[in-house]
Amino acid sequence: SPLRSAMKTWAAALLAASLAPRAAALELSDQRRSAHTAWRRQRQSVEVDTDAFGWSDQEDMDASKEALLAERDDLRAQLATKNKEFLEQHRRADRLSHQVHVMEGRLRSERLKEKAEEDRLAQAEA
């Protein structure tokens, strides 16, 4: 349906907008990559016992990756909740709209009956 298609488009745009800045920040240009690779080689040539300090680059990267994954999962959960609320609101609005339409039809019918009764009464009095 058009509503479902619009919802999917909205959800995809919201997810892309929330993840785009992070994705852009994570992308490294070729120059940055080569500079980073050179830096890593230089750093590896200087052997430092990182375990003595209680941390390492891998642990930092793992923690950063875990944090990003947790944030992504949290954003997805928030999006799913918002989508659910959005769909519930629109379903309720559709039900109410249908009820209003039905009641308006009944009111028109009652008015026609009332007018017909008034016309018969007017003819009987005449």
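The chain is numbered in sequence order, starting from 1. Hydrogens, waters and symmetry mates play no part in the numbers below; they use all other heavy atoms, side chains included.
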Just verifying a value: how many Å separate [X] [atom1] and [Y] [atom2], rounded to the nearest 0.5 Å?
{"X": "Leu75", "Y": "Leu68", "atom1": "CG", "atom2": "CG", "answer": "10.5 Å"}
{"X": "Leu107", "Y": "Glu114", "atom1": "CG", "atom2": "CD", "answer": "9.5 Å"}
{"X": "Met103", "Y": "Leu96", "atom1": "CE", "atom2": "CG", "answer": "10.0 Å"}
{"X": "Gln78", "Y": "Glu71", "atom1": "CD", "atom2": "CD", "answer": "9.5 Å"}

Using only atom types and a distance under 3.5 Å, with no angle test, would you say the side chain of Thr81 pairs donor to acceptor with the backbone of Ala77?
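Between the backbone of Ala77 and the side chain of Thr81 there is a qualifying donor-acceptor contact (under 3.5 Å).
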Derivation of the side-chain contact (heavy atoms from CB on, under 4.5 Å) call for Arg72 and Leu69
CA-CA 5 Å; Arg72 181 201 62 192; Leu69 290 173; 3.6 Å; yes
Side-chain contact, heavy-atom cut-off 4.5 Å: [X] with [Y]?
{"X": "Asp94", "Y": "His98", "value": "no"}
{"X": "Glu110", "Y": "Lys113", "value": "yes"}
{"X": "Arg111", "Y": "Arg108", "value": "no"}

Going by atom types alone, do Asp119 and Gln123 pair a side-chain donor with an acceptor below 3.5 Å?
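No, Gln123 and Asp119 have no side-chain donor paired with an acceptor closer than 3.5 Å.
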Taking the basic N atoms (NZ, or NE/NH1/NH2) and the acidic carboxylate oxygens, is any pair closer than 4.0 Å for Arg120 and Glu117?
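Looking at Glu117 together with Arg120, the answer is yes, because their closest N to O distance falls below 4.0 Å.
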